[in-house]
Trainee: 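Got a structure here, written out as structure tokens. Questions coming.
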2 protein chains.
Amino acid sequence: MTEPHELFSALGDRTRLGVLTALARSGPATATELAATIPVTRQAISKHLAALDAVGLVTRHQEGREVRYQFEADALDTVASWATDTAGTWDRRLDRLRRSLE
Amino acid sequence: MTEPHELFSALGDRTRLGVLTALARSGPATATELAATIPVTRQAISKHLAALDAVGLVTRHQEGREVRYQFEADALDTVASWATDTAGTWDRRLDRLRRSLE
DNA sequence: AGGAAACGCAACTAACGAGTTGCACTAAGG
DNA sequence: CCTTAGTGCAACTCGTTAGTTGCGTTTCCT
């Protein structure tokens, strides 16, 4: 559903990637909690979290008046498998080329 | 050297990702050859190739008057290892949490 | 030699995206 | 209740970027 380039685009910003790794290392957190660590506004972080949520890298969990965001490790499987697949395609191409030269 | 978010940013565009996968599948090619397949201008593709070259996803090979670009599979190792590492960090966090609940 | 093919550079447009500020709304707590 | 903390929404600025067109340069080929 989520196209690869959308995933990569979501990971392609410095502060947004910082938000994601913060969630991966320190566990679920809210936008205001993250804003205390990262030197940008809460609204900016909120936008980043919305972007990460849109591609499934993060899930929303409303608890009363606050919203806690959780890192979704499964979404990175798509990234890892795309990378290995594409690199693998190249390797197989090299093999075919090598064999055709014998 | 190349920061992860730069790599992801380079992969975060639809047509640019198309250029890269075309090189991975069909082997080295020039900008004009790629422009015959992908519905954008040669200059646009040339810019994309420059962006991919800047992060090491592709290498330039000048041959007379034409420049042939080659896919570099090794650059994707960084992508794959980052994904598995980050997911792994999360898994270890889950393990610690699970153990602390016993 | 001279045309055609391949490329690079520069200027420009249009759109997107990151970040901010301001305000309204809702839920929690004394 | 009334205050305060946590979000969301909207409008705005500013930098970046994808894409185009135009032109000049170099290389190949007949």
Side-chain angles (χ1 to χ4, degrees), chain A residues 2-23 26-72 75 79, chain B residues 2-23 26-71 75:
Chain A
T2 309
E3 296 216 48
H5 81 269
E6 295 179 287
L7 236 355
F8 290 130
S9 184
L11 299 171
D13 181 77
R14 184 152 228 274
T15 56
R16 185 159 54 227
L17 195 60
V19 169
L20 189 69
T21 53
L23 289 180
S26 310
T30 66
T32 19
E33 290 171 0
L34 291 167
T37 305
I38 305 173
V40 286
T41 320
R42 171 187 63 86
Q43 284 85 346
I45 293 194
S46 186
K47 283 188 183 179
H48 286 308
L49 289 171
L52 293 172
D53 181 45
V55 296
L57 282 168
V58 140
T59 50
R60 281 176 57 104
H61 298 284
Q62 187 123 13
E63 302 175 0
R65 77 173 154 180
E66 64 184 29
V67 180
R68 178 152 269 102
Y69 288 87
Q70 188 180 12
F71 172 65
E72 288 296 323
V79 174
Chain B
T2 309
E3 296 216 46
H5 80 271
E6 296 179 287
L7 237 355
F8 290 130
S9 183
L11 300 170
D13 181 78
R14 185 177 182 82
T15 57
R16 186 160 51 228
L17 193 62
V19 169
L20 188 69
T21 54
L23 289 180
S26 310
T30 67
T32 21
E33 289 171 1
L34 291 167
T37 306
I38 305 174
V40 285
T41 320
R42 170 187 63 87
Q43 284 85 343
I45 294 194
S46 186
K47 285 187 182 180
H48 285 308
L49 289 171
L52 293 172
D53 181 44
V55 297
L57 281 168
V58 140
T59 49
R60 279 177 59 103
H61 299 284
Q62 186 121 14
E63 302 175 359
R65 75 172 156 181
E66 63 184 28
V67 180
R68 178 151 271 102
Y69 288 88
Q70 187 179 9
F71 171 65

Trainee: Is any side-chain nitrogen or oxygen of B/T32 closer than 4.0 Å to OP1 or OP2 of C/dA5?
Mentor: no
Trainee: If only atom types and distance count, is the side chain of A/S46 paired as donor or acceptor with the main-chain N or O of A/R42 below 3.5 Å?
Mentor: no
Trainee: Within the side chain of B/T41, is there an N or O that forms a donor-acceptor pair under 3.5 Å with the backbone of B/A44?
Mentor: no
Trainee: Among residues 33-49 of chain B, which ones have heavy-atom contacts with DNA chain C below 4.0 Å?
Mentor: B/R42, B/Q43, B/S46, B/K47
Trainee: Across the strands shown, which category fits A/R60 at heavy-atom distances under 4.0 angstrom: base, sugar-phosphate, nothing?
Mentor: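 Contact class for A/R60: sugar-phosphate only.
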Trainee: Would you kindly check whether a donor in the side chain of B/R65 faces an acceptor in the base of C/dA5, or vice versa, at under 3.5 angstrom?
Mentor: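 Yes, a donor-acceptor pair under 3.5 Å.
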Trainee: Could you check how far CZ of A/R14 sits from P of C/dG19, rounded to whole Å?
Mentor: 11 Å
Trainee: Mind calculating the distance between CD (B/Q62) and P (C/dA6) to the nearest angstrom?
Mentor: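 That distance rounds to 14 Å.
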Trainee: Taking NE2 from A/H5 and C1' from D/dT17, how many angstroms apart are they, rounded to a whole number?
Mentor: 15 Å
Trainee: In whole Å, I'd like the distance from the CD atom of A/E66 to the P atom of D/dG8.
Mentor: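 Spelled out: CD on A/E66 to P on D/dG8 is 11 Å.
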Trainee: Can any side-chain N or O of A/R60 pair as donor or acceptor with the backbone N or O of A/D53 at less than 3.5 Å?
Mentor: no
Trainee: Examine C/dG19: is either OP1 or OP2 under 4.0 Å from a nitrogen or oxygen in the side chain of A/T15? Give yes or no.
Mentor: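 Yes, such a contact exists.
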Trainee: Using a cut-off of 4.0 Å on non-hydrogen atoms, how would the nucleic acid contact of B/R68 be classed: base, sugar-phosphate, or nothing?
Mentor: nothing
Trainee: If only atom types and distance count, is the side chain of A/R16 paired as donor or acceptor with the main-chain N or O of A/S9 below 3.5 Å?
Mentor: yes
Trainee: Out of curiosity, A/E63 CD to A/R68 CZ, how far, rounded to the nearest 0.5 Å?
Mentor: 5.5 Å
Trainee: May I ask you to verify if any side-chain N or O of A/T30 is less than 4.0 angstrom from the OP1 or OP2 atom of D/dT7?
Mentor: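 So the side-chain polar atoms of A/T30 do come within 4.0 Å of the phosphate oxygens OP1 or OP2 of D/dT7, strictly under.
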Trainee: Does A/L49 form a side chain to side chain contact (heavy atoms under 4.5 Å, CB included) with A/I45? I'd like the steps, not just the answer.
Mentor: CA-CA 6 Å; A/L49 289 171; A/I45 293 194; 4.0 Å; yes
Trainee: Mind calculating the distance between CG (A/L52) and P (C/dA18) to the nearest angstrom?
Mentor: 10 Å
Trainee: Run the salt-bridge test on A/R14 and B/E3 with the 4.0 Å N-O cut-off and return the result as yes or no.
Mentor: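 So A/R14 pairs with B/E3 through a salt bridge.
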